[in-house]
Amino acid sequence: MGNLPKITKKSVPMAEQSPEERIHNFNEVPLGYTPEEAIAEASRCLHCVNPTCIEGCPVHIRIPDFIQAIKDGDFAKSIAIIKEDSSLPAVCGRVCPQEEQCQEKCIMGKIGDPIFIGKLERFVADWEASQGIEVTPVKGKREGKVAIIGAGPAGLTAAGELAKYGYEVVVFEALHDTGGVLRYGIPEFRLPKSIIDREVEYIKRLGVKIELDMVIGRTLSIDDLWADGFDAIFIGTGAGLPKFMGIPGENLNQVYSANEFLTRVNLMKAYLFPEYDTPIKIGKRVGIVGGGNVAMDAARTAVRLGAEKVYVIYRRTEKEMPARIEEIAHAKEEGIIFHFLSNPVEILGDADGNVVGMKCIRMQLGEPDESGRRKPIPIEGSEFTIELETVVTSIGTGPNPILLKAFPGLKLNRRGYIEADPETGATSIEGVYAGGDIVTGSATVILAMGAGKKSAKAIHEYISSKKK
Amino acid sequence: MYEILATRMLAPKIFEFEVKAPNVARKAQAGQFLIIRLHERGERIPLTIADYNRDIGSITIVFQVVGKTTDELSTFKEGDKLADVVGPLGNPSELENGKKVVLIGGGVGIAPIYPIAKSLKEANNEVVSIIGSRTAELLFWEDKMKQVSDRLIVCTDDGTKGRKGFVTEALEGLINEGEKIDRVWAIGPMIMMKFVASVAKKYNVPTTVSLNTIMVDGTGMCGACRCTVDGKIKFACADGPEFDAFKVDFDELLKRAIRFKEEEKIAYERYLKGRGA
Ligand SMILES: Cc1cc2nc3c(=O)[nH]c(=O)nc-3n(C[C@H](O)[C@H](O)[C@H](O)COP(=O)(O)OP(=O)(O)OC[C@H]3O[C@@H](n4cnc5c(N)ncnc54)[C@H](O)[C@@H]3O)c2cc1C
Ligand code: FES
């Protein structure tokens, strides 16, 4: 055959639970590759001389190399290559928007399907877990103690990396469980909680101490942390503060923010009510306002909770939707109805405060706004009403407020997020670093993970220079 | 896990627990609350911090059995452990000094009004307290309240103890006595706070209420606790729990408080059946 790669235009599909089946359960939708399937998909890689996929990856994983290792059947080597740059491959393989990152840049995509890089990443990460992850005990402890605020992907990654450098690391988390958005936001059917447990277990075995039920800014102050002898602090508190639309009826009883809706279901397991104590109430018809991943997660969750009709109301067109294409496709397969170019103007309620419907107005796209997307403009007189019992608003979030309010010296940017050096996470205060959504605003897991990693390195350099 | 150090029944269905939670006790201040979860399957419920002891690292909670979680909690014994206690949450009361203040606690609201009365007394205010309940046997902490008040007025709806009538009538009585009141603090059932607000407003006496809304995280991340104050959305957990009573939309809160009424009933009935009650 020589060295010329054989070109296979079609990618190897990953088996999924059928829509009819999965709308009745919360189990993961894609089922994973078999080793044979993974090798077949890996074999499609052209191994470009100048691989552009790496540019597309926010943390520059050596993608062609890990794919080559899969092709060679050396899965252990493959995952080791990924782990040089990513701490959460099983998570990122599932939830990264690969179609606009690595896969978008894949040369194969120009002549056929791009290589399913994300699915391959997931495969080797799951393979490793099935082997039982070995933790090599950290050799050579270093002097120094670091506090991490928030156990989301940014905080957990920073913690793991710093533990590997040999520092004493304590993670403080406000909730009763770890993972941040991975636990309370992203649903089980997209990211099984057992994967987060596995990652957290790994980090704990590296020696990281995790303290739950600790709201920094309330339970402990930043000054308390300094007084406890921490040499540096990393802030990864996320962007969880839900925004509301500011329209009449928004505080009616069954109007949830997406965060409340998803937290009840994911973190508190309301889908198992009354076996679990936290209730959720949805009625027969649910309207989701917004067009991002969060909106898709809320819509697909509503279907699984038994809603008969689930609508997504989005003010632009499908093309502008920020949600991943894969998630929009999944949502459609599950029977979710999309109202594009529509915007709510009022939520209607009865005398007891229950939602009975939502009045919307049709929109048209005008000139591009500062975000580059065409600005939606209401069409006068085009109001229409959808009958609903529940509304979930998913129109964006702001910075988590408590820590920032309790830390007046910390410099924030114009949008209210922490101002931090993009390369190191260094903030306006010496020894304090920050990364993830609390710096960028709501972004992605991979960016939060990458920021945690960069900050860990910077904190290591900071502490080493101080202790010299 | 957070160990229960002592339990006491204060009145039928009203309980006082002392719980070991050094992290919360160290920082607790009047007006703040905490969130507890009984066990792995439990919901997160907010309870006001009724008292704290920094020396032994404990906090005191007072709760009334109104549904599944509070009923189950009432069966916990000394030595049992709660899965989670997180706090102190919310902003501490903004305390003035050298003023004349009236503190109103209705029903289980007597418990959260106590630490505020205590702190106000320590800050050299003249403290007049009004505590009320439906009937005499539901009253508690009279002695504790007496200790931190210059004057204590007790009322019951049915007149079985103290003054017959609602706390609002006692407040109006005070105002009519010609007392110059600088501020009123009221904690109790939402409907009581609404009426206190309207009486106080009539005489233009500034009033603070503490909103005990439904909550999930208690850190400003979900908006379950939202309320309308001065026409704007506020989060009781992060922006409150205390607000200017004149600006609170109580009618909306009264509706929001029963968002999950049917579900709560299902859970409670299932629980009682399981317990063979
Ligand atoms: C529903 C949903 C779906 C998403 N889907 C995707 C997706 O498919 N792909 C993708 O890449 N990204 C997705 N995202 C975005 C992604 O989850 C976030 O960008 C990422 O989790 C940010 O990580 P973080 O560590 O910065 O913050 P978070 O994950 O928000 O974690 C912050 C943690 O800090 C804790 N905390 C906050 N304040 C304090 C305090 N004062 N003291 C102690 N702890 C505190 C919080 O409780 C939380 O646990 C989604 C987000 C949501 C909400
Ligand atoms: S309880 Fe969730 S924001 Fe207040």
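The figures here come from the full heavy-atom set of this structure, side chains too, leaving out hydrogens, waters and symmetry mates.
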Show the numbers, then the answer: is there a side-chain contact (heavy atoms from CB on, under 4.5 Å) between Arg264(A) and Val216(B)? CA-CA 8 Å; Arg264(A) 283 182 179 274; Val216(B) 183; 3.7 Å; yes
Given that the side chain runs from C-beta out, which part of Phe273(A) has a heavy atom under 4.5 Å from chain B: side chain, backbone, both or neither? side chain
Which residues from residues 70-84 of chain B are near chain A, with near meaning under 4.5 Å between non-hydrogen atoms? Glu72(B), Ala83(B), Asp84(B)
Would you tell me whether Thr263(A) and Asp217(B) have side-chain atoms, one donor and one acceptor, within less than 3.5 Å of each other? no
side-chain contact (heavy atoms from CB on, under 4.5 Å) partners for Thr69(B), two or more places apart: Asp277(A), Leu38(B), Glu43(B), Ile45(B)
Identify which part of Thr397(A) has an atom lying under 4.5 Å from any heavy atom of chain B, answering side chain, backbone, both or neither. neither
Going through the checks in order, is the side-chain contact (heavy atoms from CB on, under 4.5 Å) test met by Thr219(B) and Asn400(A)? CA-CA 8 Å; Thr219(B) 68; Asn400(A) 275 0; 5.6 Å; no
Is Leu220(A) in contact with chain B via its backbone, its side chain, both, or neither, using a 4.5 Å heavy-atom distance? both
Evaluation steps, side-chain contact (heavy atoms from CB on, under 4.5 Å), between Val85(B) and Asp213(A): CA-CA 7 Å; Val85(B) 176; Asp213(A) 293 339; 5.9 Å; no
If I measure from the heavy atoms of chain B, does Asn354(A) come under 4.5 Å with its side chain, its backbone, both, or neither? neither
Are any of the side-chain heavy atoms of Tyr268(B) and Pro274(A) separated by less than 4.5 Å? no
Most heavy-atom pairs under 4.5 angstrom with chain B, which of Leu267(A), Asn259(A), Asn253(A)? Asn253(A)
Gap between atom CD of Glu260(A) and atom CD1 of Ile214(B) - 0.5 Å precision: 8.0 Å
Give, for atom CG of Asp352(A) and atom CG of Leu254(B), the distance between the pair rounded to the nearest 0.5 Å. 12.0 Å
First locate atom OH of Tyr184(A), then atom SG of Cys222(B), and finally report the distance between them rounded to the nearest 0.5 Å. 10.0 Å
Counting only non-hydrogen atoms closer than 4.5 Å, can you tell me which residues of residues 17-30 of chain B sit against chain A? Asn23(B), Arg26(B), Lys27(B)
Distance (rounded to the nearest 0.5 Å) between His176(A) NE2 and Ile36(B) CD1: 13.0 Å
I need the Lys269(A) NZ to Arg41(B) CZ distance, nearest 0.5 Å. 9.5 Å
Gap separating the CZ atom of Arg226(B) from the CD atom of Glu250(A), nearest 0.5 angstrom: 6.5 Å
Non-hydrogen atoms of chain B under 4.5 Å away: do they reach the side chain of Leu403(A), the backbone, both or neither? neither
Looking only at heavy atoms and a cut-off of under 4.5 Å, which of Ile35(B), Asp251(B), Leu89(B) has the most pairs with chain A? Leu89(B)
Toward chain A: residues of residues 255-265 of chain B with heavy atoms under 4.5 Å: Lys255(B), Arg256(B), Arg259(B), Phe260(B), Glu262(B), Glu263(B)
Name the region of Ala406(A), side chain, backbone, both or neither, that has any atom closer than 4.5 Å to a heavy atom of chain B. neither
Heavy atoms of Gly223(B) and Phe244(A) approach each other most closely as CA-CZ, 4.5 Å
